[in-house]
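Down below is the structure, laid out as C-alpha cells.
Any value given below was found using the heavy atoms of this structure, including those in side chains, with hydrogens, waters and symmetry copies removed.
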Amino acid sequence: MQYSFYDFLKLIGSLGFFLYGMKIMSEGLQKVAGDRLRSILTAMTTNRVTGVLTGVLITALIQSSSATTVMVVSFVNAGLMTLTESIGVIMGANIGTTVTAWIISIFGFKVDMAAFALPLLALALPFIFSKKSNRKSIGEFIFGFSFLFMGLAYLKSNAPDLGENPEMLAFVQNYTGRGYVSILLFLLIGTILTVIVQSSSATMAITLIMCINGWIGLELGAALVLGENIGTTITANLAALTGNSQARRAALAHLVFNIFGVIWILIIFHPFMGLVNWVVDSFFHPGSPEVEISYKLSMFHSMFNILNVCLLIWMVKLIERTVCMIIKPKEEDEESRLRYITGGMLSTAELSILQAQKEIHLFSERISRMYNMVQELLHVEKDDDFNKLFSRIEKYESISDNMELEIANYLNQVSEGRLSSESKLQIRAMLRVVTEIESIGDSCYNLAHTINRKRQTNQDFTPKQYEHIHFMMQLVGQALEQMITDIARPEHQLIDVNKSFNIENEINNYRNQLKSQNILDVNNKEYDYQMGVYYMDIIAECEKLGDYVVNVVEASNDVKERKRLGIGES
C-alpha cells in the first residue's frame with residue numbers, strides 16, 4: 001500500500017480547509033446581511049409557502065442549512081416566530097442546502113475554481129483591511145469562497161488512488177453488494193459522518209469524491225446523501241437542548257420531517273434513482289463521467305428535498321401536533337431562569353444579539369414587578385404577610401443578580417465571535433444597560449430593607465410623609481414604565497430621551513424640596529429625628545433609582561443612534 005499516515009493527514013487537512021472556507025463564507029454573508037436576515041425571517045413567514053421560500057432564500061445565501069435551522073430555533077426560543085412558521089422555514093432550508101451541491105458540481109468539477117482562488121484572494125485583500133465593516137465582511141466572503149474551492153481541489157488530489165491500491169477498496173466491497181442492507185448501512189454512515197463533521201455540505205463533497213473516484217456506486221452515494229439529511233438535523237437539536245419547549249419542538253420537527261422523507265424515498269428507492277438518471281441524461285448532457293456522477297447526486301439531493309417539501313407542506317399541523325405530543329411544556333416555575341437565552345442557544349454571533357435584547361426586556365419587566373412589590377410592602381399590616389412579601393423581594397434581588405451575571409456572560413460569549421464593529425459597540429452598550437438594571441434591583445431591595453427597619457421600631461410615618469412618599473414612588477413608577485417602553489422599541493426607532501429626562505428632573509426637584517421640608521418638620525417636632533432618617537432614606541433611594549433608569553435609557557438610545565448612523569469602532 002502506498003498511502004501513508006502523512007497522506008491521510010493531508011486528506012484531513014484538506015477537509016479542514018474546505019470546512020474553514022464554508023465557515024468564513026457563511027459568516028461573511030451573515031454579517032453583510034445580518035439585520036436583513038432578521039427582518040426577512042420575521043416578516044416573510046406569514047404562511048407556510050412564504051415560510052418555505054424564505055428558508056430556501058436564507059440557506060442559499062448563507063450556504064448552511066444548519067445555520068438557518070439554529071437561527072430559526074433561536075427565534076422560536078425568543079418568541080419571535082411561532083412553531084408553525086418555523087416548520088415552513090426549516091422545510092425551505094432543506095431545499096436551500098442543495099444549492100451547495102450544485103455549486104460544487106458545476107464549479108468544482110466542471111470548472112477548475114482552484115485556479116482562480118489565489119487571484120480572488122488578491123482581489124479580496126483590500127476589502128479585508130478596509131475600516132468599514134461591510135466591506136470587510138465582503139472580503140471575508142470572497143476569502144471563504146476561495147478557501148472552499150482550494151479545499152475541494154486538495155481533497156480531490158489527496159484522496160487515495162484506488163487504482164494503485166485496490167486492497168483499500170476490499171473492505172468496502174464487503175458491504176456494497178447486499179441490496180437494501182448496503183443502502184441502509186451507507187445511510188447510517190452518512191448520518192454519523194455528518195454528525196461528526198457538523199456540515200452536510202462537507203459530507204456532500206466527500207460523497208462526490210468517493211463516487212467520482214470509484215470507491216462506491218451512485219446508489220450508495222445517494223444513500224449517503226439521505227444519511228446527511230438526517231445528520232444535519234443534529235446541530236439544531238443540540239442547540240435546542242437548553243432552550244424552551246417551543247425551541248426543542250422546532251428542532252424535533254426538523255428531525256421528524258427528514259426521517260419521514262427518508263422512509264418514503266427508501267420504499268421507492270430504485271424507481272426514484274431511475275427517474276434521476278433519466279432527468280440528468282435527457283436534459284443536462286453532462287459529458288464526462290466525473291461531471292455526470294456529480295450532476296446525478298446533486299439532482300437526487302434536490303429532487304428528494306423538493307418532493308419531500310411538496311408532500312409534507314400540507315402536513316405542517318400534523319407535524320406540529322406530533323412534536324407537541326412528544327415534548328411536553330415545562331411545568332417548573334421559569335421566573336428564576338432566563339427565558340430567551342441560555343449557553344447552549346448561542347447561534348451566529350450577529351443574530352444572538354437579538355435573543356439578548358429580548359432577555360434584557362424581560363429583565364426590566366421583572367425589576368418593575370419587584371418595584372411594585374416594594375410599593376405594596378409599604379402598607380402591609382400583618383406580620384406574616386409582610387414577611388412573605390419581604391422574602392419574595394429578597395428572592396427577586398437574588399434573581400436580579402443571577403440574570404445580570406448570566407446575560408453578561410452570554411454577551412461576552414457572543415463578543416468572542418466574528419462581529420461587525422457596530423455589533424461590538426451594541427454589546428458594550430447592552431452590558432451597560434444590564435448593569436444599570438441590576439442597580440435598579442439593588443435600589444428596590446434597599447427600599448424594602450429601609451421599610452423593614454422602620455417597621456421594627458413600631459413607629460409609623462405621618463399621613464403627610466406617606467403622601468410625599470406615594471407621590472415620589474409614583475414618579476419613579478412612571479420613569480420605569482417609560483424605560484420598559486424604550487427598551488422594547490424596535491432597533492430602527494430612536495428613543496425620545498426627553499421624556500425620561502423630564503421625569504428625572506421632576507424627581508430631583510421633588511427630592512430637594514422634601515429634603516429642605518424634612519429639616520423644618522423635624523425642628524417643628526412633627527415627627528422624631530429617626531423617622532425623618534427613614535423617610536429621607538426612602539426619598540433619596542427613589543431619586544437614586546431614577547438616576548439608574550435614566551442611565552438605562554441613555555445607553556439604549558446611544559446604541560440605536562450609532563447603529564442608525566452606521567458608526568462603529570475606529
Side-chain angles (χ1 to χ4, degrees), residues 15 65-66 93-95 97-102 104-105 108-109 155 159-160 162 168-235 254-281 286 289-309 311-312:
L15 178 62
S65 61
S66 296
N94 274 33
I95 298 174
T97 196
T98 65
V99 173
T100 309
W102 282 108
I104 293 170
S105 296
F109 296 111
L155 268 174
L162 294 169
M168 290 184 69
L169 193 60
F171 82 98
V172 179
Q173 286 175 330
N174 294 331
Y175 305 101
T176 55
R178 302 186 181 182
Y180 262 91
V181 175
S182 295
I183 291 167
L184 292 172
L185 177 64
F186 276 81
L187 187 149
L188 180 64
I189 292 169
T191 303
I192 294 169
L193 196 58
T194 308
V195 170
I196 292 168
V197 176
Q198 285 289 296
S199 170
S200 59
S201 300
T203 319
M204 185 68 183
I206 293 168
T207 305
L208 286 167
I209 301 243
M210 288 173 75
C211 289
I212 286 162
N213 286 356
W215 298 11
I216 56 174
L218 184 62
E219 288 193 346
L220 295 184
L224 280 175
V225 170
L226 291 177
E228 289 153 20
N229 276 271
I230 296 174
T232 195
T233 66
I234 302 300
T235 310
H254 190 200
L255 181 62
V256 168
F257 168 74
N258 280 13
I259 287 177
F260 185 85
V262 167
I263 289 170
W264 74 256
I265 206 72
L266 283 174
I267 295 169
I268 59 164
F269 187 78
H270 291 298
F272 189 77
M273 283 303 302
L275 176 64
V276 169
N277 288 329
W278 176 80
V279 169
V280 173
D281 292 337
E290 188 180 78
V291 176
E292 181 184 347
I293 290 170
S294 66
Y295 274 22
K296 285 180 177 177
L297 272 181
S298 300
M299 182 57 71
F300 174 84
H301 197 195
S302 296
M303 286 178 65
F304 160 65
N305 280 299
I306 291 168
L307 288 173
N308 199 29
V309 169
L311 183 66
L312 294 183

Look up atom [atom1] in [X] and atom [atom2] in [Y], then write down how far apart they are to the nearest 0.5 Å.
X      : Y      : atom1 : atom2 : answer
Ile265 : Ile183 : CD1   : CD1   : 11.5 Å
Met299 : Met273 : CE    : CE    : 12.0 Å
Ser294 : Leu218 : OG    : CG    : 10.5 Å
Asn308 : Met303 : CG    : CE    : 13.0 Å
Ile189 : Glu228 : CD1   : CD    : 11.5 Å
Phe186 : Thr191 : CZ    : OG1   : 13.0 Å

Heavy-atom pair with the smallest gap, counting every atom of [X] and [Y]:
X      : Y      : answer
Lys296 : Val276 : O-CG1, 3.4 Å
Phe269 : Ala223 : CZ-N, 4.4 Å
Gly221 : Leu297 : C-CD2, 3.6 Å

Check your understanding: Is there a donor-acceptor contact under 3.5 Å from the side chain of Thr233 to the main chain of Asn229?
Key -> no

Review point. Looking at Val225, Leu224, Leu266, Ile192, which one forms a side-chain contact (heavy atoms from CB on, under 4.5 Å) with Leu187?
Key: Leu266

Review point. Quick one: are Ile230 and Leu226 in side-chain contact, heavy atoms under 4.5 Å?
Key: no

Check your understanding: Between Phe304 and Trp264, what is the ring plane arrangement, given parallel below 30°, perpendicular above 60°, and tilted in between?
Key ->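 Taking Trp264 first and then Phe304, their aromatic rings sit tilted (interplane angle of 30° to 60°).
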
